[in-house]
Amino acid sequence: MATTEFVPVSDCTVGQCSFNHDHECTAHAITVTGSSGHAHCGTFISLGPDGGLPTVHAEVGACQRRECVHNEHLMCTADDVKVGAGTDEADCLTYQAA
């Protein structure tokens, strides 16, 4: 995948996130954050009100996990990204340490 393309968030199982609507992320883009060996969805917001746009499905805007095999110039190169419970309640489950 070219780094000029954005990677879609294909599934989100974080039911308590304001951007999650029926396992689809409606944020325009997410940022993957975390610490070494751990990748967290930095866009996760645990609030009651619905957030996001009703017709937009999220893409990975930036990835701060430079040690991930899918990271090229802070952009994700995976085919798609899944977000769900891992170390935290909203982690990038596609993350793989190099």
Side-chain angles (χ1 to χ4, degrees):
M1 172 173 284
T3 57
T4 57
E5 297 178 30
F6 290 96
V7 173
V9 176
S10 63
D11 186 48
C12 178
T13 59
V14 184
Q16 62 276 23
C17 181
S18 290
F19 292 112
N20 184 336
H21 299 282
D22 297 322
H23 290 256
E24 294 182 345
C25 182
T26 60
H28 183 70
I30 69 166
T31 299
V32 177
T33 61
S35 57
S36 184
H38 171 244
H40 181 75
C41 178
T43 311
F44 167 73
I45 297 177
S46 181
L47 296 175
D50 288 341
L53 303 170
T55 59
V56 175
H57 297 285
E59 298 172 321
V60 179
C63 178
Q64 298 176 4
R65 304 302 347 125
R66 291 183 63 178
E67 76 283 357
C68 181
V69 299
H70 303 294
N71 189 320
E72 186 175 317
H73 306 289
L74 302 179
M75 299 295 291
C76 185
T77 61
D79 290 331
D80 66 336
V81 164
K82 293 175 177 42
V83 176
T87 302
D88 293 323
E89 58 190 326
D91 285 347
C92 175
L93 302 178
T94 308
Y95 168 83
Q96 292 178 345

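All values reported here derive from a predicted model rather than from experimental measurement. Residues: numbered from 1 along the sequence shown.
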If you take all heavy atoms of [X] and [Y], which pair is closest and at what distance?
{"X": "C41", "Y": "V83", "result": "CB-CG1, 4.0 Å"}
{"X": "E67", "Y": "S36", "result": "OE2-CA, 3.8 Å"}
{"X": "G51", "Y": "T26", "result": "O-OG1, 3.1 Å"}
{"X": "T43", "Y": "A27", "result": "CG2-CB, 4.1 Å"}
{"X": "C76", "Y": "V7", "result": "O-CG2, 3.1 Å"}
{"X": "F44", "Y": "V14", "result": "CE1-CG1, 3.5 Å"}

Between [atom1] on residue [X] and [atom2] on residue [Y], distance to nearest 0.5 Å:
{"X": "H28", "Y": "H57", "atom1": "NE2", "atom2": "NE2", "value": "13.0 Å"}
{"X": "D80", "Y": "H70", "atom1": "CG", "atom2": "NE2", "value": "9.5 Å"}
{"X": "E89", "Y": "D91", "atom1": "CD", "atom2": "CG", "value": "9.0 Å"}
{"X": "F19", "Y": "I45", "atom1": "CZ", "atom2": "CD1", "value": "4.0 Å"}
{"X": "C92", "Y": "H40", "atom1": "SG", "atom2": "NE2", "value": "11.0 Å"}
{"X": "C25", "Y": "D11", "atom1": "SG", "atom2": "CG", "value": "10.5 Å"}

**Full working for side-chain contact (heavy atoms from CB on, under 4.5 Å) between Q64 and L74** = CA-CA 6 Å; Q64 298 176 4; L74 302 179; 5.7 Å; no
**Item:** F6 vs V60, side-chain contact (heavy atoms from CB on, under 4.5 Å): CA-CA, chis, key distance, verdict
**Value:** CA-CA 6 Å; F6 290 96; V60 179; over 6 Å; no
Is there a side-chain contact between [X] and [Y], using heavy atoms and a 4.5 Å cut-off?
{"X": "V9", "Y": "I30", "result": "yes"}
{"X": "H23", "Y": "C12", "result": "no"}
{"X": "Q96", "Y": "T94", "result": "no"}

**Item:** Test side-chain contact (heavy atoms from CB on, under 4.5 Å) applied to H38 and Y95, step by step
**Value:** CA-CA 8 Å; H38 171 244; Y95 168 83; 5.9 Å; no
**Request:** Report the C-alpha distance between K82 and S10 in whole Å, list the side-chain angles of each, state the deciding distance to 0.1 Å, and finish with yes or no for side-chain contact (heavy atoms from CB on, under 4.5 Å).
**Result:** CA-CA 6 Å; K82 293 175 177 42; S10 63; 3.4 Å; yes
**Message:** Quick one: does any side-chain atom of R65 pair with a main-chain N or O of N71 as donor and acceptor, under 3.5 Å?
**Reply:**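 Flag not set: sc R65 to bb N71 has no pair under 3.5 Å.
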